[in-house]
Protein chains: 2
Amino acid sequence: MSVTIKDVAKAANVSVATVSRVLNKKSNVSEEAIQAVNSAVETLGYSPSFLGRDLRKSETRRILAIIASADQSFYSDVIRGMEVAAFAQNYDVLIATTHDDPAHEMHLLGMLFSRAVDGAVLLGPKLDAATINALGEKHNIAMCLERLDNCNVLTVTIDNVKAGRDAVNYLIRKGHKKIGLITTLQRSQSSIDREIGYKLALKDNGIPYNEEYVYFGGYETEQGMRGCEYFMHLPSPPTAIFSISDIIAIGAMNYALSKGYRIGKDLIFMGFDNIQYSHMFVPHLSTVEQPCYAQGKLVIEKLIENMKASNPDHSLYTLPHSLVLRESTGD
Amino acid sequence: MSVTIKDVAKAANVSVATVSRVLNKKSNVSEEAIQAVNSAVETLGYSPSFLGRDLRKSETRRILAIIASADQSFYSDVIRGMEVAAFAQNYDVLIATTHDDPAHEMHLLGMLFSRAVDGAVLLGPKLDAATINALGEKHNIAMCLERLDNCNVLTVTIDNVKAGRDAVNYLIRKGHKKIGLITTLQRSQSSIDREIGYKLALKDNGIPYNEEYVYFGGYETEQGMRGCEYFMHLPSPPTAIFSISDIIAIGAMNYALSKGYRIGKDLIFMGFDNIQYSHMFVPHLSTVEQPCYAQGKLVIEKLIENMKASNPDHSLYTLPHSLVLRESTGD
DNA sequence: TGTCACATTGAAAACGGTTTCACAATAATG
DNA sequence: CATTATTGTGAAACCGTTTTCAATGTGACA
């Protein structure tokens with residue numbers, strides 16, 4: 001059917017071994033052989049099959065990035081970082097989506113167990129720590145952006161506790177004492193950590209924790225609007241609102257805007273993620289930025305190291321975040 | 001090193017052929033053999049290698065979706081459609097990004113030539129039609145969302161000419177005669193088609209084409225702001241603006257908003273794509289919606305058909321679009 | 001009892017490459 | 001000139017599966 005290395009060998013009048021040597025630029029092959037093989041490859045339109053090669057070498061030089069869904073725009077920079085690091089060592093990065101289904105996540109990890117890829121990076125896993133730990137024992141798995149408690153696999157993330165704390169401390173430093181938090185019910189570790197940071201910041205400043213100032217919603221803009229609506233109907237509404245994501249913060253701002261609040265003065269907002277769209281909104285949203293590109297790059301570098309190492313590194317790497325201050329906090 | 005089918009065969013006291021039969025649920029295998037194999041698989045923790053299997057079967061049951069970058073949020077629905085269609089026939093969908101680099105796009109197509117995947121779908125290719133035609137002769141390639149002139153590969157898209165025409169006709173029907181168009185300089189076929197549609201709509205209504213009313217920018221929000229700024233400084237500014245993408249339209253609206261124009265009354269806006277964020281903005285953006293999920297689903301169905309067929313279908317399939325009317329057009 | 005159909009099985013070939021190994025031819029060394 | 005490296009080469013083993021093919025054992029049937 002399709003043209004194989006044997007056909008090339010026949011056409012070039014050499015053995016398959018020589019063809020392989022030429023194609024892989026091995027030394028110890030004569031100039032004539034190189035010429036003959038190359039022209040045979042050209043005329044036959046030969047492209048070596050990875051199926052044969054991968055089997056023989058027991059490696060694919062492919063790494064799978066498993067994400068929840070393709071619509072999280074800040075994944076983009078992480079992926080970019082991963083690709084750069086991978087490409088530098090001759091690996092390709094493939095992406096697959098779980099749509100928040102743990103069963104499908106497991107199915108995708110099957111590509112790792114079946115050696116269709118050499119390693120996998122989980123960006124926001126839905127599987128539990130115990131399961132991932134068990135798999136991590138035998139396979140090259142890493143996590144990025146999201147850590148898991150008691151999880152013993154290589155992880156690259158930011159310190160979400162400190163990030164939440166820094167964000168809220170900033171709001172307080174701006175002179176605000178009544179701080180609302182909009183977080184989510186479907187709790188990822190990062191949102192839990194950000195909430196812990198919120199509480200620590202209050203404690204740092206001797207402000208008592210008030211349950212009424214915490215609103216649990218979902219990840220969508222609309223839930224942000226609801227959160228803000230809820231706050232504004234309290235007897236004593238917050239004057240500053242920290243949201244665990246920009247999407248939510250934008251919804252909250254939309255509500256405040258529609259009710260005539262002066263954003264940045266009466267009411268200030270802080271988001272999280274610095275999504276690409278966060279500067280599209282008027283007023284521009286202040287937010288916490290995490291180093292997406294750097295996290296992606298690092299996780300791949302460490303994962304590839306692990307793939308060669310006899311005793312893999314299962315550490316947790318924490319990269320620094322930063323505050324991006326814009327109009328929504330009056331900056 | 002790692003446990004293979006031979007180890008299982010030995011442990012279960014049967015031949016590798018029998019193990020294979022059990023694992024693939026073939027008929028004609030005794031109950032004892034099934035038990036023995038299954039328990040051996042269990043105790044050894046065996047997971048069959050796709051490397052061996054794929055080579056033997058000369059198929060991978062994997063399809064590669066090649067996108068420009070992961071930050072285009074509306075890709076998400078297309079991918080979802082692709083996955084559903086693929087999964088229904090036991091295929092997996094993998095995603096890879098080109099970052100608008102034709103050379104890297106070609107590198108990724110190399111996975112197809114080298115049989116690491118069975119087929120590939122290009123979503124917005126950077127390669128030219130001639131190149132893609134040549135590759136399409138020998139390999140299972142399809143295109144989605146974006147067509148290419150004179151390109152003879154299976155394509156699923158919408159009629160962007162008609163979509164642009166419908167959008168602009170709607171603006172005119174709203175009583176507007178001075179219609180601005182914000183499009184881009186880096187021209188994809190879809191933006192060219194939308195511009196053609198714009199011109200046709202003017203002609204439909206006997207409105208002369210005015211070069212001043214067309215602004216060429218980039219794909220970012222900021223370019224949209226610039227476009228609107230440019231229009232508003234014309235001696236006789238447009239009263240309606242059609243942008244070839246929502247991102248651009250949102251930028252344009254931001255500018256108008258900041259200058260105090262009454263959006264939906266003095267000045268109306270129409271975007272394109274109906275991105276997830278388009279309803280986050282106040283005022284909500286009217287836009288053209290394309291059936292992303294359906295396009296993704298169809299392209300995979302047709303591609304898989306082609307992979308089995310002796311004479312592949314290289315048609316162009318055009319799915320219907322629709323207008324989504326919101327506040328920005330005064331609806 | 002002999003023949004036939006059928007279920008179950010294992011040995012071996014096949015898939016398409018890479019790599020080891022042995023060997024010949026040549027070049028370098030004493 | 002005899003020995004030793006060095007270079008270039010091809011035959012064959014190998015990677016881990018699936019599948020073909022032939023062989024065995026069993027029960028049914030005439």
Side-chain angles (χ1 to χ4, degrees), chain A residues 1-38 40-41 44-62 90 110-118 139, chain B residues 1-38 40-41 44-62 90 110-118 139:
Chain A
M1 196 54 156
S2 125
V3 35
T4 78
I5 198 173
K6 276 184 201 160
D7 304 318
V8 177
K10 203 168 295 176
N13 228 3
V14 296
S15 71
V16 294
T18 298
V19 176
S20 177
R21 280 188 275 256
V22 171
L23 263 38
N24 294 291
K25 307 206 191 309
K26 291 273 169 66
S27 50
N28 294 342
V29 44
S30 70
E31 192 57 39
E32 307 116 88
I34 295 181
Q35 296 299 335
V37 168
N38 281 337
V41 165
L44 293 179
Y46 170 69
S47 179
S49 164
F50 283 167
L51 272 44
R53 163 194 311 218
D54 291 350
L55 173 59
R56 177 59 225 241
K57 303 183 90 166
S58 299
E59 72 165 7
T60 64
R61 299 228 143 224
R62 264 166 254 137
N90 243 304
M111 291 188 56
L112 178 60
F113 311 150
S114 314
R115 276 139 291 189
V117 294
D118 294 346
H139 301 97
Chain B
M1 196 55 156
S2 126
V3 35
T4 77
I5 198 173
K6 276 184 200 160
D7 304 318
V8 177
K10 203 168 293 175
N13 229 2
V14 295
S15 71
V16 294
T18 298
V19 177
S20 177
R21 280 189 274 256
V22 171
L23 262 37
N24 294 292
K25 306 205 191 312
K26 291 274 169 63
S27 52
N28 294 341
V29 45
S30 70
E31 193 56 40
E32 307 117 89
I34 295 180
Q35 296 298 334
V37 168
N38 282 337
V41 165
L44 294 179
Y46 169 70
S47 179
S49 164
F50 284 166
L51 273 44
R53 165 191 311 213
D54 291 350
L55 172 59
R56 177 58 225 239
K57 303 184 89 166
S58 300
E59 72 164 6
T60 63
R61 300 229 140 225
R62 266 167 253 136
N90 243 305
M111 293 188 55
L112 177 61
F113 311 150
S114 313
R115 274 138 290 189
V117 294
D118 294 346
H139 302 97

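Residue numbering restarts at 1 for every chain, and letters A, B, ... go by the order of the sequence lines.
L112(B) places none of its side-chain heavy atoms less than 4.5 Å from the side chain of D118(B).
In summary, the side chains of R115(B) and S2(A) do present a donor paired with an acceptor at a separation below 3.5 Å, with no hydrogens or angles considered.
A donor-acceptor pair under 3.5 Å is absent between the side-chain atoms of N38(A) and the main chain of Q35(A), judged by distance alone.
Spacing between atom CZ of R21(B) and atom P of dG10(C) amounts to 8 Å, rounded to whole angstrom units. For the pair K10(B) NZ and dT9(C) P, the interatomic distance rounds to 20 Å; values are reported in whole Å. In this structure, the CD atom of E59(A) is 20 Å from the P atom of dC14(D), given to the nearest Å. Regarding I34(A), its CD1 atom lies at a distance of 13 Å from the C1' atom of dT7(D), rounded to whole Å. dT26(D) atom C1' lies 14 Å from atom CG of N28(B), rounded to whole Å. Here dT9(C) presents its C1' atom at 12 Å from CD of E32(B), a figure rounded to the nearest Å.
Contact between Y46(B) and V8(B) at its shortest, heavy atoms only, is CG-CG2, 3.5 Å. Across every non-hydrogen atom of G52(B) and L55(A), the tightest pair is N-CD1, 3.9 Å. The two residues I34(A) and V22(A) come nearest to each other via the heavy atoms CA-CG2, 4.0 Å. Residues V3(A) and L44(A) share a closest heavy-atom pair of CG1-O, 3.8 Å. A pairwise comparison of heavy atoms in V16(A) and I5(A) identifies O-CD1, 3.7 Å as the closest pair.
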Atom pairs, protein N/O to nucleotides 22-27 of chain C N/O, distance under 3.5 Å:
none

Would you tabulate the pairs of protein nitrogen or oxygen atoms and nucleotide nitrogen or oxygen atoms of nucleotides 13-16 of chain C closer than 3.5 angstrom?
{"unit_1": "dA14(C)", "atom_1": "N3", "unit_2": "R56(B)", "atom_2": "NH1", "d": "3.1"}
{"unit_1": "dC15(C)", "atom_1": "O2", "unit_2": "R56(B)", "atom_2": "N", "d": "3.4"}
{"unit_1": "dG16(C)", "atom_1": "N2", "unit_2": "G52(A)", "atom_2": "O", "d": "3.1"}

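Every pair passing side chain to side chain donor-acceptor pair (under 3.5 Å) that includes a residue from residues 14-24 of chain A is listed here, sequence neighbours excluded: S15(A)-T18(A), S20(A)-N24(A).
Contact annotation: S15(B) does not reach the phosphate of dT9(C) (side-chain N/O to OP1 or OP2, under 4.0 Å). In this structure, K26(B) reaches the dT19(D) phosphate: one of its side-chain N or O atoms is under 4.0 Å from OP1 or OP2. Residue S30(A) has a polar side-chain atom (N or O) positioned under 4.0 Å from OP1 or OP2 of dT9(D).
With sequence neighbours excluded, the residues forming a salt bridge (Lys or Arg N to Asp or Glu O under 4.0 Å) with E59(B) are R61(B), listed by chain and number. Here R62(B) pairs with M111(A), A116(A), F50(B), D54(B), T60(B), D92(B), L94(B), V117(B) under the side-chain contact (heavy atoms from CB on, under 4.5 Å) rule; sequence neighbours left out.
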Verdict with supporting geometry, S114(A) and S49(B), side-chain contact (heavy atoms from CB on, under 4.5 Å): CA-CA 4 Å; S114(A) 314; S49(B) 164; 5.9 Å; no

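Backbone-only engagement by N24(B) is indicated by non-hydrogen atom pairs under 4.0 Å involving sugar-phosphate atoms exclusively.
Bending across the helix from dT1(C)-dA30(D) to dG30(C)-dC1(D), expressed as the angle between its end axes from five pairs apiece, amounts to 50° (10° rounding).
For the pair V29(A) and A17(A), nearest-nucleotide mapping onto DNA chain D gives the more 5' position to V29(A).
For V14(A), the side-chain atoms get nearest to dG10(D) when compared with the rest of dG8(D), dG10(D), dG10(C).
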